[in-house]
Amino acid sequence: MAQIGTDQQRAKALLEAGNVVGIPTETVYGLAANALDPDAVVTIFRVKNRPAFDPLIVHTDSLDKVTRFVTDLPEAAQQLAATFWPGPLTLLLPRQPIIPDLVTSGLPTVAVRIPNHPLTRALLRSLDFPLAAPSANPFGYISPTTAQHVANQLGDQIPYILDGGPALVGLESTIVGFEGGMPTIYRLGGLAQEAIEQVIGPVALRSHSTSNPKAPGMLSSHYAPRKPVYLVQPGASPPPTPRSGALVFRELFGGIAGGNQRTLSPTGNLNEAAKNLFAYLRELDQLEIDQIYAELLPPEGLGRAINDRLRRAAATA
Ligand code: TXA
Ligand code: MG
């Protein structure tokens, strides 16, 4: 069983020996290994039960190091990096050959991110290699926002989880690429589209495509609890049923037991809602209920990324 602790030296030694380790970030917990060591990276895919066609994000701690992994940093990428790193933003950039094929699933681009968590930044600074890290959940399930979430599902397969407390953003990073010179969001996430557009102007959005294999995180049925999820439009309410649960934005639904409901943000704060989203979905998934009704949020700020995750959770294929 994985140990949970705050021993950065232990995490470092395990990673240097080719092991995988659970690490905290501000978005969600990651399952990390030496990104430059294909044997270590293979372990990530095995532990997560993740198909090899789904590429990984490379995490590092400085822009200087990023330039060793990519061949080009377009102007818009430089502006975004300068404004939002460290932070919940991943950039797709043309890769250097030092990045193994396994990490990018053979794609010509590599996904890179400088995460904003003090423990993980210190760990990354202390290592002489970057860390490949997907979210630390079994493939297709909800991402973990605490060390205990990681232990609950992957604890018997990994030696150590670095505990950095609950993730402060709570949604995976926003993924931005620059194919054909057009800044494009491939996954809505913890950095709002509006914030990105304030810096570089209008961006395209491709994250709703389900046929495009560019980012398999786009698979429609993803980030999903085991129980069926049904969406409820803002202001509407679900049918009253005894064995239902609900994830609501500000106020409980009538007709469903209060103990079977979770409120994302009583004050209507979308950042607070994002921070609570995955933990509450996990809690609801554990209850003695047959289905979860999830209320859609206002489509602005992080509300758009939250709605994206709820739609994927509700998709059955
Ligand atoms: O916040 C996050 O991004 C977290 C933390 C741990 O950093 N990581 C994360 O990783 O969410 P993961 O593997 O669960 O999601 C990464 C997504 C996948 O959908 C993958 O398909 C996409 O990034 N991706 C990675 N490399 C890519 C590439 N070269 N081109 C297109 N999509 C890529
Ligand atoms: Mg994931």
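First listed ligand is number 1; within each ligand, the first listed atom is number 1. Positions are given from 1 along the sequence. What you are looking at is a predicted structure, and each value in this text was computed from that prediction instead of being measured.
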Legend entry - N, O or S atom of Asn137 closer to the Mg ion (ligand 2) than 2.8 Å: no

Legend entry - Polar proximity ligand 1 side, Thr25 side, N/O cut 3.5 Å exclusive: no

Inset, instruction - Sequence neighbours left out, what passes side chain to side chain donor-acceptor pair (under 3.5 Å) with Glu251? Give chain and number order. - result: none

Legend entry - Exercise: do Glu194 and Gln198 side chains pair donor with acceptor under 3.5 Å: no

Legend entry - Of the listed options Pro55, Pro115, Pro88, Pro144, closest to atom 24 (N) of ligand 1 (non-hydrogen atoms): Pro55

Inset, instruction - Could you list which atoms of ligand 1 come closer than 4.0 Å to a heavy atom of Ile175? - result: 17 (C), 22 (C), 23 (O)

Inset, instruction - Mind checking the NZ-OG1 spacing from Lys275 to Thr145? Nearest 0.5 Å is all I need. - result: 8.0 Å

Legend entry - Donor-acceptor side-chain pairing of Arg304 and Gln193 below 3.5 angstrom: yes

Inset, instruction - Using distance alone, decide if ligand 1 has a nitrogen or oxygen within less than 3.5 Å of any nitrogen or oxygen in Tyr29. - result: no

Legend entry - Close approach, Ala133 and ligand 1, non-hydrogen under 4.0 angstrom: yes

Inset, instruction - Output the list of atoms in ligand 1 that are nearer than 4.0 Å to some heavy atom of Ala111, sorted by atom number. - result: 25 (C), 26 (N), 27 (C)

Legend entry - Of Val103, Leu93, Thr60, the residue whose pairing with Phe69 passes side-chain contact (heavy atoms from CB on, under 4.5 Å): Thr60

Inset, instruction - Number the atoms of ligand 1 from 1 as they appear, then name those within less than 4.0 Å of a heavy atom of Ile57, with their elements. - result: 3 (O), 8 (N), 9 (C), 10 (O), 16 (C)

Inset, instruction - Ignoring hydrogens and angles, state whether a donor on the side chain of Asn137 or Ser135 is under 3.5 Å from an acceptor on the partner side chain. - result: yes

Inset, instruction - With Thr25 as reference, evaluate His59, Arg113, Glu172 under the side-chain hydrogen bond (donor to acceptor under 3.5 Å, both in side chains) test and give the passing residue. - result: Arg113

Legend entry - Distance filter under 4.0 Å to His59 heavy atoms, resulting ligand 1 atoms: 5 (C), 6 (C), 7 (O)

Inset, instruction - Work out whether the distance between some heavy atom of Arg187 and some atom of ligand 1 is less than 4.0 Å. - result: yes

Inset, instruction - Quick one: look at Arg50 and ligand 1, take heavy-atom pairs under 4.0 Å, and tell me if it's side chain, backbone, both or neither. - result: side chain

Legend entry - Contact summary for Met1 and Asp156, nearest pair of heavy atoms: SD-N, 4.0 Å

Legend entry - Member of Leu91, Asp61, Asn116 meeting the side-chain contact (heavy atoms from CB on, under 4.5 Å) criterion with Trp85: Leu91

Legend entry - For Leu107, the ligand 1 atoms whose distance to one of its heavy atoms is below 4.0 Å: 28 (C), 29 (N), 30 (N)

Inset, instruction - Would you check the N or O atoms of Thr27, main chain and side chain alike, for any that come under 3.5 Å of an N or O of ligand 1? - result: yes

Legend entry - Thr109 contact mode with ligand 1 (heavy-atom cut-off under 4.0 Å): both

Legend entry - Arg282 and Gln148: side chain donor to acceptor below 3.5 Å: no

Inset, instruction - Would you check whether Asp54 has a nitrogen or oxygen atom less than 3.5 angstrom from a nitrogen or oxygen atom of ligand 1? - result: yes

